[in-house]
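Order of the sequence lines fixes the chain letters, A, B, ..., with proteins taken first and strands second; residue numbering starts at 1 for each chain.
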Amino acid sequence: MISENPRVRFAPSPTGYLHVGGLRTALYNYLFAKHNNGSFILRIEDTDRNRFVEGAVENLISTLKWIGLDFDEGQGKGGDCGPYMQSERLDIYKKYADELVNKNRAYYCFCSAERLTALREEQQKNKQQGMYDKHCLHLSKEEVQENLAKGLPYVIRLNVEKGKQIVINDVIRGVVEFHSDIIDDQVLLKSDGYPTYHLANVIDDHMMKITHVIRGEEWLSSTPKHILLYEYFGWEKPVFAHLPLLLNPDKSKLSKRQGDVAVEDYKAKGYLKEALLNFVALLGWTAGDDQEFYYLDELVSKFDLNRVNKSGAVFNVEKLNWLNGEHLRKKSQIQLLELLKDHLLTTVYKDNSYSDKYLIEVIESMKERVLFIHEIAEKAPYFFETPSGYDEALLKKRWKPETPSQLNKLLERFEKLENSDKEGFEIALKQTVEEFNTGVGTLIHPVRLAVSGIGNGPGLYDILHIIGKDETIKRIKTALNKISI
RNA sequence: GGCGCGUUCGUCUAGUGGCUUAGGACGCCGCCCUCUCAAGGCGGAGAUCACGGGUUCGACCCCCGUACGCGCUACCA
């Protein structure tokens, strides 16, 4: 348990939708915060105006809300450390960038894009490390003022002190060292007045009192720049934890092309938020025991940052599917009923009306046979409409020449039933079968076919009970008319 | 190219020097249950612990090297 109350943040860029990798980062931050009685903050890093996507912020927030990762502070929620949208903090970044310039830990740079590319090409040709050559560091105060007065475009660069060893003590990776000689004089403030990630991130984490920076491994390489910034500002550093990456089946960094990456895609496909959260939590972390099924609150109580893996994890949909089925089966009747009703609204059955009692019976008979709620209607359409045809192969196998006469006998018994109780159908069928001196199978299969059109599903007597005596008789008669062999 | 990180069944992983003939889960296969399909139960195949050297009485676990993979190397995050 961390003694003081930690503060962590999830800081996505509004460049599209919430990525499942982002979801896992958000989840681990959330779990860490909640486990340690801390705060989870949402900050929007919209410093790249070219990549900004309209509506992405709202989308991010609503997706986070759907999945149930509530934040304590942040964009759309408020708090004492706002604004939480970086584009609304531009004056802050400029102020701190200037502070660094005054301390000689950063400097104005007026180099053109042309000079920069020429420099890079030259370095490449000589097989040198591609780095800015500190050309503008040597500009005098007067020259800088002159250029500024002329309105020349400029950036502010970090003045990296060479010859230093920079040490990161990462919770997940242990000690990682970098030499400052290979760290570029990173642009901190862009010519459009916006900060780069590095500057904004460090300033905001400091001002928002972030204690633990939990982010993807792709940031590990730029962490020394951040460390330098903390040192140059004279600020206390947060604890760093770099999470392993989520991978495609071919082990490359998880991307579109090789499957769905947006949380919304999974939502649209009918995945339960509980399953998605459960699955993603296990991609890089285990409690160390054999438990695989978790609800969010259990994850909160068991989560431990020290038990996070170092290596990347392939996002394997098969296991997610299984977990979805597990979570589905654990849901209450009422929850499943709501889920099914919502789904039916999106199908051709949307204008039909089914009683709750009926739908609950359908759910009870089907929930062990599906992984997704939508599979109920797909795998058992006969609960929602009369069969439109009969499985050919099965017909051949189960529908014998003597079947019609046997079914007619069965119908006689069914007609006499007083209600739609399971037992009534069962007794009637068994009596009929005895009369013909054969096994139950000779009638069960043809009846199943007549009533559902297909060969699999819940127990036959359950199906008959659910659709009821009248519908059962009607369907068998229809089948007798339609099927002729 | 440089720098950094990583490497246990197909996949997610357990494992912190002897308890390991490497355990679990998903998927796959088989059996049981059974009117079918599932669910459930039982069982099976599947990992020379990337490779090569050390250290040690003993290494998946510690050290070194190599290979491979991935990340970063932008006025993108």
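Within 4.0 Å (heavy atoms only), A:Lys253 reaches sugar-phosphate atoms of the nucleic acid but no base atom. As judged by a 4.0 angstrom heavy-atom cut-off over every strand, A:Leu220 is placed among residues touching the sugar-phosphate backbone only. At the heavy-atom level, A:Arg215 lies nowhere under 4.0 Å from the strands shown. Across all strands, A:Leu394 comes closer than 4.0 Å to no nucleic acid atom at all (heavy-atom distances). Contacts of A:Pro458 with the nucleic acid, taken as non-hydrogen atoms under 4.0 Å apart, include base atoms. Counting non-hydrogen atoms under 4.0 angstrom, A:Asp184 reaches nothing in the nucleic acid. No engagement by A:Lys127 is indicated, since no non-hydrogen atom pair under 4.0 Å with the nucleic acid exists. Within 4.0 Å (heavy atoms only), A:Thr15 reaches no atom of the nucleic acid at all. At a threshold of 4.0 angstrom between heavy atoms, the contacts of A:Glu45 are confined to the sugar-phosphate backbone, with no base atom among them. Here A:Arg49 lies out of heavy-atom contact (under 4.0 Å) with every strand. Using a 4.0 Å heavy-atom distance criterion, A:Ser191 is classed as a base contact.
Under the 30°/60° scheme for interplanar angles, the aromatic rings of A:His226 and A:Tyr197 are found to be tilted. The aromatic rings of A:Phe315 and A:Tyr266 are tilted relative to each other, their planes meeting at an angle between 30° and 60°. By the 30° and 60° cut-offs, the orientation of the rings of A:Tyr295 relative to A:Phe293 is perpendicular. Ring orientation note: the planes of A:Tyr132 and A:Tyr107 are close to parallel, at an angle under 30° on the 30°/60° scale. Relative orientation of the A:Trp285 and A:Tyr294 rings is tilted, given thresholds of 30° and 60° on the angle between their planes.
RNA chain B is contacted by both A:Asp289 and A:Arg157; A:Asp289 maps to the nucleotide lying nearer its 5′ end (nearest heavy atom per residue). Heavy-atom distances to RNA chain B give each of A:Val314 and A:Lys379 a nearest nucleotide, and the one nearer the 5′ end belongs to A:Val314.
In this structure, B:rC61 forms no base pair with any nucleotide, since neither Watson-Crick nor G-U wobble geometry is met with both distances under 3.5 Å. Pair check for B:rC70 finds B:rG4; Watson-Crick or G-U wobble, both atom distances under 3.5 Å. With a cut-off of 3.5 Å on both Watson-Crick or G-U wobble distances, the partner of B:rC9 is given as none. Base pairing annotation: B:rG40 forms a Watson-Crick or G-U wobble pair with B:rC32, both donor-acceptor distances under 3.5 Å.
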Exercise for the section: Check step by step if salt bridge (charged side-chain N to carboxylate O under 4.0 Å, His left out) holds for A:Arg9 and A:Asp204. Expected result: CA-CA 10 Å; A:Arg9 82 297 192 280; A:Asp204 288 347; over 6 Å; no
Exercise for the section: With ring pair (Phe, Tyr, Trp, His ring centres under 6.0 Å) as the test, would you mind laying out the steps for A:Phe425 and A:Phe414 before giving the verdict? Expected result: CA-CA 7 Å; A:Phe425 290 116; A:Phe414 278 0; 5.1 Å; yes
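When distances run from any side-chain atom of A:Ser222 to the nucleotides B:rA77, B:rG4, B:rA39, the shortest one goes to B:rA77. Here the nucleotide nearest the side chain of A:Asn456, chosen from B:rC12, B:rC75, B:rU36, is B:rU36. With distances taken from any side-chain atom of A:Glu292 to the nucleotides B:rU73, B:rC5, B:rA25, the minimum falls on B:rA25. Taking only side-chain atoms of A:Leu116, from C-beta outward, the nucleotide of B:rU13, B:rC75, B:rG24 with the closest atom is B:rC75. Distances were taken from every side-chain heavy atom of A:Arg120 (C-beta onward) to each of B:rG40, B:rC75, B:rA77; the shortest belongs to B:rC75.
Under 3.5 Å, the side chains of A:Asp98 and A:Tyr108 contain a donor-acceptor pair of N or O atoms. Side-chain contact, A:Asn321 with A:Tyr271: a donor N or O sits under 3.5 Å from an acceptor N or O. Side-chain contact annotation: A:Arg173 with A:His242, donor-acceptor N/O pair under 3.5 Å absent.
B:rC61 and B:rC51 have their P atoms separated by 10 Å, given to the nearest Å. Taking atom C1' on both B:rA14 and B:rU8, the two are 10 Å apart, rounded to the nearest angstrom. Taking the C1' atoms as reference points, B:rA67 lies 32 Å from B:rC76, given to the whole Å. Taking atom P in both B:rG52 and B:rC12, the straight-line distance is 23 Å, to the nearest Å. Nucleotides B:rU66 and B:rC3 place their P atoms 12 Å apart, quoted to the nearest Å. A gap of 33 Å separates the P atoms of B:rU73 and B:rG10, to the nearest Å. Comparing the same atom, P, in B:rG53 and in B:rG46 gives a spacing of 26 Å after rounding to whole Å. Here the separation of B:rG41 from B:rA25, taken at their P atoms, is 10 Å to the nearest Å.
Using a distance-only test at 3.5 Å, with no hydrogens or angles considered, a donor-acceptor pair links the side chain of A:Asp185 to the main chain of A:Val160.
A heavy-atom distance below 4.0 Å to RNA chain B is reached by these residues of residues 167-178 of chain A, ordered by number: A:Arg173, A:Val176, A:Glu177, A:Phe178. Within residues 436-452 of chain A, the residues that have a heavy atom under 4.0 Å from RNA chain B are, in order of number, A:Ile444, A:His445, A:Arg448.
When the P atom of B:rA39 is taken as reference, atom CH2 of A:Trp322 falls 12 Å away, rounded to whole Å. Note: CD (A:Glu218) to C1' (B:rC76) measures 12 Å, nearest angstrom. Rounded to an integer number of Å, the gap from CG of A:Asn316 to C1' of B:rU11 is 5 Å. Protein atom CG of A:Leu254 is 14 Å distant from nucleotide atom P of B:rC70, rounded to whole Å. A:Lys225 has its NZ atom 12 Å from the C1' atom of B:rA77, to the nearest Å. To the nearest angstrom, P of B:rC72 lies 13 Å from OH of A:Tyr197. Per the geometry, CG belonging to A:Leu283 stands 16 Å off C1' belonging to B:rG6, to the nearest Å. Rounded to whole Å, the distance from CH2 on A:Trp219 to C1' on B:rC3 is 17 Å.
Side-chain nitrogen and oxygen atoms of A:Ser311 include none within less than 4.0 Å of the OP1 or OP2 phosphate oxygen of B:rC70. For the OP1/OP2 pair of B:rC76 and a distance below 4.0 Å, the side-chain nitrogens and oxygens of A:Lys190 include at least one atom meeting the criterion. At the phosphate of B:rA14, OP1 or OP2 sits under 4.0 Å from a side-chain N or O atom of A:Thr286. For the OP1/OP2 pair of B:rC12 and a distance below 4.0 Å, the side-chain nitrogens and oxygens of A:Arg24 include no atom meeting the criterion. Dashed line: the shortest gap from a side-chain N or O of A:Lys367 to OP1 or OP2 of B:rA38 is not under 4.0 Å.
Within the 4.5 Å cutoff, side-chain heavy atoms of A:Val440 are placed close to those of A:Leu429. In this structure, A:Leu188 and A:Arg157 have side chains that are not in contact, with every pair of non-hydrogen atoms separated by 4.5 Å or more.
Taking a cutoff of 4.0 Å between a charged side-chain nitrogen and a carboxylate oxygen, A:Arg105 and A:Glu99 do not qualify as a salt bridge.
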